[in-house]
There are 2 protein chains.
Amino acid sequence: MAKRLETRNGGEDAPGRRHLLDAGMRLFAERGFAGVGLREIAAEAGVSLGLVRTHFGSKDGLRDAIDEYVLGEIKRLYATVLEHSGAGALTKAVEDALDWIPRDRVVLMYARMALMEKTPGSQALFDQLLAIMRQFIETNAKRGLLQPDVDREWAAIYLLFDFIGPAIIEPFAKPAFGKSMYSKPMISARNAFMVRAFTRGFLKG
Amino acid sequence: MAKRLETRNGGEDAPGRRHLLDAGMRLFAERGFAGVGLREIAAEAGVSLGLVRTHFGSKDGLRDAIDEYVLGEIKRLYATVLEHSGAGALTKAVEDALDWIPRDRVVLMYARMALMEKTPGSQALFDQLLAIMRQFIETNAKRGLLQPDVDREWAAIYLLFDFIGPAIIEPFAKPAFGKSMYSKPMISARNAFMVRAFTRGFLKG
DNA sequence: GCCCCGCATATACACTCGTATAGCACAATG
DNA sequence: CATTGTGCTATACGAGTGTATATGCGGGGC
């Protein structure tokens, strides 16, 4: 009789909980938080509606849990980038994406959608992404790889644009380009242009 | 007696219609299509619920009308950019934004949200934005302002990233930077960095 | 003067939403 | 063996959804 309210969360590895989190992440990524109902998520996860309440307390609780998971994954996935520096690190990061993006595509697309809907979780995600970019710029600066008199804050912001850009336009890529932003030919062409643009620009002064 | 179904749309300048379109645009931009109900939109517009059906036929019809309006505004707002070329044109475009963004902020924020929800209207918006960027690159190329051996397609894509980037992160800007992406200090700092990065890059080769 | 039609309102309907409650099977623990 | 608690299901409730229908008012053309 109501001895534990709110999220119980005792066992985080219950199969139903994991299925709900995965299904919610996928569906929210596709149609947004308000665009998907709990019944559809439960059906997709192969569990009953009531289980959402058991594990997450409410729909917002489910989102919070997904936000937390995705934030952790983003940190993990970009950790390797921060250990390197220079334009080579960027190409390496983009090429690494070829490995993990097929597997973690849902995480990436959820992060993309989260950036649209302003919530505490999405603000935290944004702050994390910006921190990653700032750290990359600082690492490069310490190693003397930054050109002199560069506005480091805006360099970080532009880096952020270029990293979230492909994710943002990914849903429109197939009609517009005939292939995914994360397909092999797109990745390599992007790599070539990125290195060039970051080190030399592309317009004449 | 049901002689005309669907959207009637005879008079596009009925005051109620305009109010509904404005209110829908603003609310959809803030919370997404599924996140807002017709009753709230009608209340915000100061008209009755049924008027949506009279003018737009359905909620989807309302979105279609908003999409069309926003697409036209985007075309109009970026028309001036296309007449110029070089890095100077970009700074001019960004500075022009200082004029029209306060006034057309809702249009911009709706376009931002539209890029999240994949619909025919949002695909058309994306195609339009990409076309604008491609045309800018081609204009620059014809005038000899492009560096040699530049991948023009990816130059256009990166230009697109840098133009939608500020809109995407605008909702997180105040907590993260203390000011809007479209405030005067941000615009001028961005201008300085953009010209530099586009003509010389910011990393050492 | 009548009629029709464009603009607008009010109200009802069927459905879906998130949430709440009651209960079941089963493993671990005393 | 009885008890406890966890993971889970089934079902009900009230509020809110988009859509449909019926109606009112006011101006221009026959």
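We name chains A, B, ... by the order of the sequence lines, and we start the count at 1 in each one.
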- Starting at atom CD1 of B/I41, determine the distance to atom P of D/dT19, rounded to an integer number of angstrom. 11 Å

- Message: What does the B/S/- profile of nucleotides 12-18 of chain C look like, 5' to 3', with a 4.0 Å heavy-atom cutoff to protein?
- Response: B----BB

- How are the rings of B/F198 and A/F202 set relative to one another: parallel (under 30°), tilted (30 to 60°) or perpendicular (over 60°)? tilted

- Rounded to whole Å, the NE2-C1' distance (A/H19 to D/dC8) equals 14 Å

- Message: For a quick check of understanding: with a heavy-atom distance under 4.0 Å over all strands, which category does B/V47 fall into, base, sugar-phosphate or nothing?
- Response: sugar-phosphate

- Can you name the ring-ring contact (aromatic ring centres under 6.0 Å, His included) partners of B/F28, sequence neighbours left out? B/F33

- B/R196 meets the salt bridge (Lys or Arg N to Asp or Glu O under 4.0 Å) criterion, sequence neighbours left out, with none

- Using only side-chain N and O atoms of B/H55, determine if any of them is under 4.0 Å from OP1 or OP2 of C/dG6. no

Donor-acceptor pairs under 3.5 angstrom involving side-chain atoms of residues 124-138 of chain A: please list them, not counting sequence neighbours.
from	atom 1	to	atom 2	distance (Å)
A/D127	OD1	A/Q123	NE2	3.2
A/R134	NE	A/E153	OE1	3.1
A/R134	NH2	A/E153	OE2	2.6
A/E138	OE1	A/R152	NH1	3.1

- Interatomic distance, B/L51 CG vs C/dA8 P [rounded to whole Å]: 5 Å

- Message: Mind checking if A/G50 touches a base, just sugar-phosphate, or nothing, with heavy atoms under 4.0 Å?
- Response: base

- Query: In whole Å, what is the span from the CZ atom of A/R18 to the P atom of D/dC8?
  - Reply: 13 Å

- Sorted by chain and number, sequence neighbours left out, salt bridge (Lys or Arg N to Asp or Glu O under 4.0 Å) with A/K174 holds for none

- Task: Applying ring-ring contact (aromatic ring centres under 6.0 Å, His included), name anything that partners B/F161, two or more places apart in sequence or on another chain.
- Result: B/Y158

